[in-house]
K.L.:
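Sharing a structure below in structure tokens format, with a few things to ask.
Whatever order the structure lists them in is the order used to number ligands and atoms, beginning at 1.
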Amino acid sequence: MAAIGTQNRYAAPSRLLHWAIGLLVLLTWPLGLMIGFAKKDVVLDFYLLHESIGFLVLWLMLIRVGNRWMNRPPRHEAPPLERYAAEAVHGLLYLFLIIMPVSGFLATNAHGFPLKWFGILEVWSPIGKSPDIAPVFSAVHEWSAWILLGLFTVHIGAVLMHHVIRKDDTLYRII
Ligand code: HEM
Ligand code: HEM
């Protein structure tokens, strides 16, 4: 296994944001799916928790985009095609981690249920109750959720391939 030097590692803020957001998304995603199965007396709690954690992901993602300008990812010693594939999957993960909370936020407002963040802070929305477009935002949110899951599966598959089969230092770049 190649020795890992600091030049081969993501910067500390990038690593911290990767794991914080990763953990929150792994919590938010199943919570979203469970909304459909939750009993009537707890369904609002599921909505609130799902939406509040999901909205937190949006703010952390905005910080992460800014952070990526300041702390560029470490260089990949890999053939060009492999490098482009990794960059494409990472770029799409960034994109869908922003589409997800934005579409969810617009959906809940359009359905007429504005977000009270963690039950405390009423969040201003550019749109109010709009029954005509609410199903569109919901559809974008649901489709994006499955695309995100697909991207995550590819991501983990690639990490496992590097770690278990090639036994290289890819995993250590982010920890
Ligand atoms: C990273 C952020 C998020 C992820 C990964 C996520 C994921 C999901 C998933 C997997 C579902 C179930 C979809 C299905 O039934 O097929 C869902 C539903 C839902 N989510 Fe999210 N979500 C996120 C953020 C948000 C935010 C910020 C809000 C609102 C402020 C929100 C509002 C909703 C609502 C209202 C539903 C019920 C279905 C609908 O009417 O659209 N989500 N979400
Ligand atoms: C759960 C276990 C996870 C592991 C072991 C893991 C591992 C890794 C590794 C090793 C890298 C660096 C790849 C490279 O240098 O080419 C990375 C980057 C990345 N991961 Fe994960 N990851 C996990 C979860 C997640 C989740 C849940 C998400 C989002 C849904 C995610 C999104 C990303 C993104 C966007 C990057 C690129 C970082 C950047 O360029 O800023 N990861 N991950």
K.L.:
Counting only heavy atoms, tell me which of H18, E82, E87 gets closest to atom 21 (Fe) of ligand 2.
P.N.:
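Considering heavy atoms of H18, E82, E87, the nearest to atom 21 (Fe) of ligand 2 sits in H18.
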
K.L.:
Is ligand 2 under 4.0 Å from a heavy atom in the side chain of L151, in the backbone, in both, or in neither?
P.N.:
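Near ligand 2, L151 shows nothing, with every heavy atom at 4.0 Å or more.
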
K.L.:
Report the distance from atom OG of S52 to atom NZ of K116, rounding to the nearest 0.5 Å.
P.N.:
11.0 Å

K.L.:
Look at atom 38 (C) of ligand 2 and say which protein heavy atom is nearest, naming residue and atom and giving the distance to 0.1 Å.
P.N.:
R64 NH2, 3.7 Å

K.L.:
Give yes or no for whether the N/O distance cutoff of 3.5 Å, strictly under, is met between T170 and ligand 2.
P.N.:
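For ligand 2, there is no N or O atom that lies under 3.5 Å from one belonging to T170.
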
K.L.:
Between atom CH2 of W143 and atom CD1 of I147, what is the distance when rounded to the nearest 0.5 Å?
P.N.:
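The distance works out to 7.5 Å.
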
K.L.:
List the closest protein heavy-atom neighbour of atom 15 (O) of ligand 2: residue, atom name, distance to the nearest 0.1 Å.
P.N.:
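Going atom by atom, the protein heavy atom closest to atom 15 (O) of ligand 2 ends up being R173 NE, 2.6 Å.
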
K.L.:
For atom 8 (C) of ligand 2, what is the nearest protein heavy atom, given as residue, atom name and distance?
P.N.:
H155 NE2, 3.5 Å

K.L.:
Which of these passes side-chain contact (heavy atoms from CB on, under 4.5 Å) with L106: V136, I133, V140, I127?
P.N.:
I127

K.L.:
For atom 13 (C) of ligand 1, which protein heavy atom lies nearest, and how many Å away is it?
P.N.:
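Here the nearest protein heavy atom works out to E142 CG, 3.7 Å.
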
K.L.:
Are I53 and L49 side-chain neighbours, meaning at least one heavy-atom pair lies under 4.5 Å?
P.N.:
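Yes; the side chains approach each other to less than 4.5 Å.
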
K.L.:
Scan for ring-ring contact (aromatic ring centres under 6.0 Å, His included) pairs involving residues 30-50, sequence neighbours excluded, and state none if there are none.
P.N.:
none

K.L.:
Considering only the protein, which heavy-atom contact is closest to atom 14 (C) of ligand 2, and what is its distance?
P.N.:
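Of the protein heavy atoms, H76 NE2, 3.4 Å lies nearest.
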
K.L.:
What heavy-atom pair brings M100 and L148 nearest, and what distance separates the two atoms?
P.N.:
CG-CD2, 3.9 Å

K.L.:
Answer yes or no: is there a side-chain heavy-atom contact under 4.5 Å between S14 and R68?
P.N.:
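S14 does not reach R68 side chain to side chain.
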
K.L.:
Would you say F105 and L115 make side-chain contact, with heavy atoms under 4.5 Å?
P.N.:
yes

K.L.:
Restricting to salt bridge (Lys or Arg N to Asp or Glu O under 4.0 Å), what partner residues turn up for R72, sequence neighbours left out?
P.N.:
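Residues passing salt bridge (Lys or Arg N to Asp or Glu O under 4.0 Å) with R72: none at all.
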
K.L.:
Take S138 and H111 through the side chain to side chain donor-acceptor pair (under 3.5 Å) test and state the conclusion after the steps.
P.N.:
CA-CA 9 Å; S138 284; H111 281 292; 2.9 Å; yes

K.L.:
Tell me: protein heavy atom nearest atom 39 (C) of ligand 1, and distance?
P.N.:
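Going atom by atom, the protein heavy atom closest to atom 39 (C) of ligand 1 ends up being S138 OG, 3.5 Å.
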
K.L.:
Mind checking salt bridge (Lys or Arg N to Asp or Glu O under 4.0 Å) for E82 and listing every partner two or more places apart, or none if nothing turns up?
P.N.:
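E82: salt bridge (Lys or Arg N to Asp or Glu O under 4.0 Å) contacts with R166.
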
K.L.:
For L33, is the nearest heavy atom under 4.0 Å from an atom of ligand 1?
P.N.:
yes

K.L.:
Which atoms from ligand 1 have a heavy atom of F105 less than 4.0 Å away?
P.N.:
28 (C), 29 (C), 30 (C)

K.L.:
Please check if the side chain of R173 supplies one atom and the backbone of Y10 the other of a donor-acceptor pair under 3.5 Å.
P.N.:
no

K.L.:
Drop me the distance from N67's CG to H18's NE2, to the nearest 0.5 angstrom.
P.N.:
13.0 Å

K.L.:
To the nearest 0.1 Å, how far is atom 1 (C) of ligand 1 from its closest protein heavy atom, and which atom is that?
P.N.:
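Result for atom 1 (C) of ligand 1: V57 CG1, 3.8 Å.
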
K.L.:
Is it true that F113 lies under 4.0 Å from ligand 1, counting heavy atoms only?
P.N.:
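F113: no contact with ligand 1 (<4.0 Å).
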
K.L.:
Which residue owns the protein heavy atom closest to atom 4 (C) of ligand 2, what's the atom, and how far is it?
P.N.:
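Checked against all protein heavy atoms, atom 4 (C) of ligand 2 sits closest to W19 CH2, 3.5 Å.
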
K.L.:
In this structure, does ligand 2 have an atom that sits under 4.0 Å from one of the heavy atoms of V89?
P.N.:
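Distance cut 4.0 Å: V89 fails for ligand 2.
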
K.L.:
Looking only at protein heavy atoms, which one is nearest to atom 29 (C) of ligand 2, and how far off is it?
P.N.:
L97 CD1, 3.9 Å

K.L.:
Can you list the ligand 1 atoms lying under 4.0 Å from a non-hydrogen atom of F55?
P.N.:
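Contacts of ligand 1 toward F55, numbered from 1: 27 (C).
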
K.L.:
Output yes when the distance from some N or O of ligand 2 to some N or O of Y94 is under 3.5 Å, and no in every other case.
P.N.:
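So ligand 2 has an N or O lying under 3.5 Å from an N or O of Y94.
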
K.L.:
Which heavy atom of the protein is the closest neighbour of atom 27 (C) of ligand 2, given with residue, atom name and distance?
P.N.:
F152 CE1, 3.5 Å

K.L.:
Could you tell me the residue and atom name of the protein heavy atom closest to atom 5 (C) of ligand 1, and the distance to it rounded to 0.1 Å?
P.N.:
W29 CD1, 3.9 Å

K.L.:
Are the side chains of V65 and I98 in touch, meaning some heavy atoms are under 4.5 Å apart?
P.N.:
yes

K.L.:
May I ask you to check if ligand 1 and Y47 share an N or O to N or O distance below 3.5 Å?
P.N.:
no

K.L.:
Would you please classify the geometry between the W59 ring and the F55 ring as parallel, tilted or perpendicular, with 30° and 60° separating the classes?
P.N.:
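Geometry flag for W59 against F55: perpendicular rings.
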
K.L.:
Do V25 and F152 have side chains that approach each other closer than 4.5 Å (heavy atoms only, starting at C-beta)?
P.N.:
no

K.L.:
Among protein heavy atoms, which lies nearest atom 16 (O) of ligand 1, and at what distance?
P.N.:
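Result for atom 16 (O) of ligand 1: W146 NE1, 3.6 Å.
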
K.L.:
Evaluate the criterion side chain to side chain donor-acceptor pair (under 3.5 Å) for residue pair D132 and S130; output intermediate values, then yes/no.
P.N.:
CA-CA 5 Å; D132 292 349; S130 330; over 6 Å; no

K.L.:
Under 4.0 Å from ligand 2, counting heavy atoms only, is it the side chain of H162, its backbone, both or neither?
P.N.:
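No part of H162 comes within reach of ligand 2.
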
K.L.:
Quick one: CG on N71 to CZ on R64, what's the gap to the nearest 0.5 Å?
P.N.:
12.0 Å

K.L.:
Quick check on F137 - does any of its heavy atoms sit under 4.0 Å from an atom of ligand 1?
P.N.:
no

K.L.:
Counting from 1, what ligand 2 atoms have a heavy atom of V159 closer than 4.0 Å?
P.N.:
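Answer for ligand 2: 7 (C), 8 (C).
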
K.L.:
Where is the tightest heavy-atom contact between T170 and D168, given as atom of each residue plus distance?
P.N.:
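Nearest pair, atom of T170 first, then D168: OG1-OD1, 2.9 Å.
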
K.L.:
Suppose the cut-off is 2.8 Å; which protein N/O/S atoms would you list for atom 21 (Fe) of ligand 1?
P.N.:
H50 NE2, H141 NE2

K.L.:
Around atom 40 (O) of ligand 2, find the nearest protein heavy atom and jot down its residue, atom name and distance.
P.N.:
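Heavy-atom neighbour on the protein nearest atom 40 (O) of ligand 2: R68 NH2, 2.8 Å.
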
K.L.:
Measuring from the heavy atoms of Y10, does anything fall under 4.0 Å of ligand 2?
P.N.:
yes

